[in-house]
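Here the structure comes first, spelled out in structure tokens, and everything after it is commentary.
As a basis for the values below, the full set of heavy atoms in this structure was taken, side chains included, without hydrogen atoms, waters or symmetry mates.
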Amino acid sequence: MIIVLKQNAKAEQIEKLKEWIHHIGIETHVSVGQTHTIIGLVGDTTQVDMDLVSSFDIVESVKRIQEPFKNASRKFHNKDLVVDISGVKIGGGNFQIIAGPCSVETREQVTYVAECVKKSGAGLLRGGAFKPRTSPYAFQGLKGEGIALLEEAKKQTGLPIVSEIMNISHLPMFEDVDLIQVGARNMQNFDLLRELGKINKPILLKRGLANTIDEWLMSAEYIMSGGNENVILCERGVRTFETRTRNTLDLSSIPVLKKLSHLPVIIDPSHALGHSEMVKPMAMAATAAGADGLMIEVHNNPTCALCDGAQSLTPEEFDDVAKAVFQLRPFACKYNVHKN
């Protein structure tokens, strides 16, 4: 349920209305727009008397909404969310490319890649320290050492770092990680999502391998209901019957999410396609479709990568992709390219 207030509503009147709503056991979320203030009611609103709420002098209208994701709903928010990641912004017209190796392997590798992607205009450095792999015999990441190497690359280049968390117990190691990624396999790890809702750090939430958009938004709701509203959604392809690509990249999720939610939406063409030569056209398509950013895997020597080398671009290939993308979003190029 949402309550739209009249333009002349005073602060003390709004507080009294909020107190009344809290008294009946419902939480509130206030969104202040240019023309109206909206109070979103979060909780079981089935017993709330709409006529009684409408009788308040400051109330213009009362509407029930059907979507179960209240905090993540566009109906609760007039403006697109802008997520600030240590000074780098995503959403609300701010476009960013997150780039780096699938897995952190050595100090030399991650630092070199960081310097290259920064020169090409990437705004954030990604790197996997904990790697969820299908096979228990595959490389599982350097774990804490990998996080430390990312932090070194951050100090050298100034790029905020992005890395995936797999377990609640790992949270202390992520204190200096600027954007915590929740991978596709953990999209419905609700205990983990609840804990991430308690911290003051942006979260990148990837779509599950076989999850609907509504289920994805409900996972975002788990985080946001805990108080952490800085969530970025990442489409990374869903599993279908197609075998020519690793997954099927659902670019239609961009306009759907833009209609349903105010949260930023980025696209990961690397994991979706699984083939490096397909990354550029899909990165351009995602940009043209209105994505707020891209996540692209870059490795200095993909043929020798310990993880997902087939989908990784070389620094030179990434530079070509970045130039093409920034031609579609020229203002993003000016914003993203760091001064040396």
Given the options His299, Arg246, Glu277, Gln311 meets side-chain hydrogen bond (donor to acceptor under 3.5 Å, both in side chains) only with Arg246
Does some side-chain heavy atom of [Y] sit less than 4.5 Å from a side-chain heavy atom of [X]?
X      : Y      : result
Phe130 : Met173 : yes
Ile296 : Phe318 : yes
Val117 : Asp319 : no
Leu196 : Val231 : no
Thr106 : Leu149 : no
Leu5   : Glu60  : no
Met187 : Trp216 : yes

When you check the side-chain N and O atoms of [X] and [Y], is any donor under 3.5 Å from an acceptor?
X      : Y      : result
His22  : Thr28  : yes
Asp292 : Gln96  : no
Thr212 : Asp214 : no
Asp250 : Thr248 : no
Gln156 : Glu115 : yes
Asn71  : Ser225 : no
His271 : Asp268 : yes

Going by an N to O cut-off under 4.0 Å, is there a salt bridge joining [X] and [Y]?
X      : Y      : answer
Lys323 : Asp320 : no
Lys16  : Glu19  : no
Glu221 : Lys70  : no
Glu235 : Lys206 : no
Lys154 : Glu151 : no
Asp57  : Lys10  : no

Single-linkage hydrophobic cluster, 4.5 Å side-chain cutoff, [X] and [Y] together:
X      : Y      : answer
Met278 : Ile254 : yes
Ile213 : Phe190 : yes
Ile58  : Leu41  : yes
Val321 : Leu249 : yes
Val32  : Leu81  : no

[X] atom [atom1]: more than 12 heavy-atom contacts under 6.0 Å:
X      : atom1 : result
Arg107 : CZ    : no
Lys6   : NZ    : yes
Glu175 : CD    : no
Asp49  : CG    : yes
Arg239 : CZ    : no

Short side-chain to backbone donor-acceptor contact, His77 and Lys79, under 3.5 Å: no
Side chain Ser103, main chain Glu105, donor-acceptor under 3.5 Å: no
Parallel, tilted or perpendicular, judged at 30° and 60°: which one describes the rings of Phe326 and Phe95? perpendicular
Leu263/Met224 under side-chain contact (heavy atoms from CB on, under 4.5 Å): CA gap, chis, key distance, verdict: CA-CA 11 Å; Leu263 300 178; Met224 299 175 75; 4.0 Å; yes
